[in-house]
Structure formats: structure tokens, C-alpha cells
Amino acid sequence: MENKKIRIGITHGDINGIGYEIILKTFTDPEMLELCTPIVYGSAKVATYHRKALNMSNIVFTSITEAKDADDNKLNIVNCIDDEIKVELSKPTEEAGAAAFCALEKAVTDYKDGLIDAIVTAPINKHTIQNPDFNFPGHTEYIEDRLGEGNESLMILMNENIKVALVTGHIPVSAIPSQITKERLERKITIFNKSLKEDFGITKPRIAVFSLNPHASDNGLIGSEEQDTIIPAINELNNKGIYCFGPYPADGFMGAGLYKTFDGIMAMYHDQGLIPFKTLAMNNGVNYTAGLPVIRTSPDHGTAYDIAGKGVASEESFRNAIYTAIDIYRYREQERTLHANVLTKQYYEKRDDSDKLKLNLQDEE
């Protein structure tokens, strides 16, 4: 199982940003092709344009029509947009938004058809991609709608040292307090706890929960959400066997380095979690959409129009997004294998030498 070539579907994102640059740079390393079969949804012609603009003649890719035709030992590009599309580096255009959506839609369709194992998305422009079929704040909500199978997603920003999840995502700051309910907190922390166990192999995750108000409200002097909502949710979850603690004021918690003593952090809103996370992990952070059957990751940065085409974009975050998708896929497969034959697992764990049990095991195999 560990040697299986995992088929990673990669959407090219906004063609006027740094998407192709970080994709091409990632696969200049031949070792990446030993870990996975990359299938880029986009355009070989656009990839060629970026390769030439970036003076990256050393990177080789192959153009295919369908994912099923992918070569396990090459960087594959599924052509799914008009070859006549115009690349305008550093500019947000409707044409680029349409191309980003077509690639994403094709990847989702192929995932449903079992042609790819996981999805890694390059950055999009959330404004230009909007259309009648994409009326979402971002990738996370779209993926939940198309591939969630009724499950609720959770945004986790992570690297090897820290994992930060968000109770609320891409919503206005003015709407945050009304969205912080006891029920929502319990759902999100439960999803987080399950992901830490099932996707990352942490047996008993310890989750720190941030407060909403400064100083955790100073016992109600600065708001009531902590006393009325957050603390009751934490208590309820602890009674259910989920190890969560807090609420902690975000500034003091991060400043004191307490994040090093927890397996995960639950932030109340986008900037509360992402500002400290990106300060610590801007170059290697990964955005993981947890809680869904599909494995979807992305680099923790945007289109970076300001440096598009200059050859200075770092591929580290994108590479880590691929590593993360591979790791989670392998761990899930391992767990499925272990639970597929519970009797066998119990036998080896207990070292039972019963001849009858051994005979049953042989029959099952």
C-alpha cells in the first residue's frame, strides 16, 4: 500500500497568477514523481507559456485528454480549457476566472468517477471565478457542496508544528458573533477532533479553544459569549470524551507559545486564526478541508499577482499541500485496511495462539 502511486488531481487556479509557477517548480524535483502521479487540470498551451516566461525549459510535461490516460512517471496536463485563452499576468480577468472554474469542475467530476484520489487546488481569484455554478466565498464551500455527501467541512490551516481550525470562515466580521453558537462550536470541535484522529493518527487530541472577546471577556466585563456559549460548549464536549480546553485569549496564548502543547487550536474567526498562523508558517502552511470524504488541500496563499511571472514565487507551500494530501490518503487507507478484518487485528494484538482462531483466520484469508 505504501508504494502505491497516488493520483493527485491538481487544478491550475488563476492562470494570471503564480499557479503554474508553483506547480512547475514543484515537479522539477524528480522525487515528487516517485510519490504520486500528478494530473494537472488546465492547459498544456498555458503551461508552455508560463514555462517559457519563467525560463524553465528543464521541466517536462505531457498533454493528455483524460485523466485515465495519465502516465505514472510524468507530469500530466489534462486539457480542459480553450487553447486560445489569453494569459495576462498580474491581471484579474473574467477569462481567467472561467478557466479556473472549468479546471475545478473537471477535477471534481473525475474525482466522482474515481479517476483521481485527492485534489490539490492552486489559488483562484474569488471574484472572477463567480458564475451561476460557482456562487461560493471560496474553494472550501464549493468542495463541500459538490463532494461533501452531506457532511460539514472544516477549514484547517496547518504545518508540521501547528494546526488551526476555524469556527467561522469567509464571512464579514460584523456577522461573526451571531454565528458563534453553542451548537456550531460543538459541531466544529467534534469534526476537528475526528480529523485529528482519523487523518493524522492522534489517539487523544488535545484542542485549545480561543475566546471571542479580548482577555476571554475578563469574566463578562468585555462581552458575554465566553460565559454564555463557549464555556458551556467546552464543558459539554469534555463530558463526551473530547479533550478541549479554554477559552484562551488568542494574543497571550500565541505569545506565550502555548500552541506547542496542544494538537490543535480552534479559532473563532478567520483572521484570529490566520494572522498568527501565517506569521509562523507563511512559506510552508497548508489549507486542508477536513470533515469530508474527499481529501482536498491547497497552499496557504493567494494568486500573488504582484509577483506573477517574475520567477520568485516559493513553491514550498504548494509542495507541502501535495505531501499533506498523500499523507492523509495513506493514513486513511491504512485505517481502512486495519478495520476491514477486525478479527485478524484482534488476533495479532492479543497474540492469541488458539488453533481454532488460527484456522478461522486462514479461512478468511
Side-chain angles (χ1 to χ4, degrees), residues 9-27 38-56 59 61 63-65 67 75-110 119-143 145-146 169-172 270 274 278 282 287 289 296-315 317-318 321:
I10 300 169
T11 60
H12 67 175
D14 192 301
I15 61 172
N16 297 331
I18 63 170
Y20 273 103
E21 179 176 347
I22 59 177
I23 293 170
L24 294 175
K25 282 183 173 179
T26 293
F27 290 98
I39 302 171
V40 179
Y41 291 87
S43 162
K45 186 173 182 179
V46 173
T48 300
Y49 173 93
H50 281 272
R51 180 174 64 180
K52 183 177 180 180
L54 297 165
N55 193 25
M56 296 179 64
I59 180 69
F61 50 80
S63 176
I64 59 177
T65 304
L75 174 61
N76 303 273
I77 299 183
V78 177
N79 289 295
C80 52
I81 63 173
D82 188 347
D83 274 347
E84 300 306 312
I85 192 168
K86 184 179 180 181
V87 178
E88 299 181 73
L89 290 174
S90 303
K91 294 182 180 179
T93 65
E94 291 185 6
E95 195 174 18
F101 175 73
C102 286
L104 183 59
E105 187 79 351
K106 177 63 173 172
V108 164
T109 299
D110 280 1
I119 298 175
V120 177
T121 57
I124 58 172
N125 181 310
K126 295 172 185 176
H127 177 72
T128 60
I129 198 174
Q130 297 296 320
N131 64 58
D133 295 316
F134 190 102
N135 185 23
F136 302 94
H139 275 122
T140 301
E141 296 81 3
Y142 171 83
I143 295 291
D145 180 76
R146 293 298 309 276
H170 300 117
I171 63 173
H270 185 278
L274 266 65
K278 289 192 175 185
M282 184 61 189
N287 181 349
T289 304
R296 176 260 167 171
T297 65
S298 72
D300 185 31
H301 59 69
T303 56
Y305 288 138
D306 57 323
I307 59 172
K310 296 181 180 179
V312 298
S314 170
E315 73 278 16
S317 180
F318 184 81

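These numbers come from the heavy atoms of this one structure, side chains and all, not from hydrogens, waters or symmetry mates. Numbering of residues begins at 1 and proceeds along the displayed sequence.
There is a side-chain donor-acceptor pair under 3.5 Å between Ser63 and Asn79. In the model, His301 has no side-chain atom that pairs as donor or acceptor with a side-chain atom of Lys278 under 3.5 Å.
Heavy atoms from other residues, nucleotides or ligands lying under 6.0 Å from CG of Asn135 number 12 at most. Surrounding CG of Asn55 are at most 12 heavy atoms belonging to other residues, nucleotides or ligands under 6.0 Å away.
When atom types are taken as modelled, the side chain of Asn131 and the backbone of Ile129 share a donor-acceptor pair closer than 3.5 angstrom. Under the 3.5 Å distance criterion, the side-chain polar atoms of Lys91 are left unmatched by any main-chain donor or acceptor of Val87.
Aromatic ring orientation, Phe101 versus Tyr142: perpendicular (interplanar angle above 60°, classes split at 30° and 60°).
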Practice task
Could you please spell out the steps behind the side-chain hydrogen bond (donor to acceptor under 3.5 Å, both in side chains) verdict for Lys126 and His170?
Solution key: CA-CA 11 Å; Lys126 295 172 185 176; His170 300 117; 3.3 Å; yes
Handout entry: Pair Ile307-Ile18, side-chain contact (heavy atoms from CB on, under 4.5 Å): steps then yes or no
Key = CA-CA 7 Å; Ile307 59 172; Ile18 63 170; 4.0 Å; yes
Practice task
Evaluate the criterion side-chain contact (heavy atoms from CB on, under 4.5 Å) for residue pair Phe136 and Asp145; output intermediate values, then yes/no.
Solution key: CA-CA 9 Å; Phe136 302 94; Asp145 180 76; 3.7 Å; yes
Practice task
Evaluate the criterion side-chain contact (heavy atoms from CB on, under 4.5 Å) for residue pair Leu54 and Glu21; output intermediate values, then yes/no.
Solution key: CA-CA 8 Å; Leu54 297 165; Glu21 179 176 347; 3.6 Å; yes
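Every side chain to side chain contact (heavy atoms under 4.5 Å, CB included) that Thr303 has, sequence neighbours left out, goes to Asp14, Pro123, Tyr305. When the salt bridge (Lys or Arg N to Asp or Glu O under 4.0 Å) test is applied to Lys45, the partners found at least two apart in sequence or on another chain are Glu84.
Residues Glu88 and Asn16 approach most closely at N-OD1, 2.7 Å, considering heavy atoms. Considering every non-hydrogen atom in both Thr11 and Thr121, the closest pair reads OG1-CA, 3.2 Å. Of all heavy-atom pairs between Ser90 and Pro92, the closest is O-CD, 4.0 Å. Closest approach of Cys102 and Cys80 over heavy atoms only: CB-O, 3.9 Å. Lys86 approaches Glu95 most closely through the heavy-atom pair N-OE2, 3.5 Å. Across all their heavy atoms, Ile23 and Ala122 have their closest contact at CD1-CB, 4.4 Å.
Of the inter-residue distances, the one linking Thr48 atom OG1 with Met56 atom CE reads 12.5 Å to the nearest 0.5 angstrom. With rounding to the nearest 0.5 angstrom, the OG1 atom of Thr26 is 5.5 Å from the CZ atom of Phe318. Atom CD1 of Ile10 and atom CG of Leu75 lie 7.0 Å apart (nearest 0.5 Å). Here the OG1 atom belonging to Thr93 is positioned 7.0 Å from the CD1 atom belonging to Ile85, to the nearest 0.5 angstrom. Note that OH of Tyr41 is 11.0 Å distant from CG of Leu104, once rounded to the nearest 0.5 Å. Taking CZ of Arg296 as the reference point, atom OG1 of Thr140 lies at 4.5 Å (rounded to 0.5 Å).
Here the two rings, on Tyr20 and His12, have centers that are under 6.0 Å apart.
Side-chain contact between Lys106 and Asp110 is present, with at least one heavy-atom pair separated by less than 4.5 Å. No side-chain heavy atom of His270 sits under 4.5 Å from any side-chain heavy atom of Ile171. Contact of the Arg51 side chain with the Leu24 side chain is registered, since non-hydrogen atoms from C-beta on lie closer than 4.5 Å.
Screening Ile15, Ile81, Val78 against Ser43 for a side chain to side chain contact (heavy atoms under 4.5 Å, CB included) leaves a single residue, Ile81.
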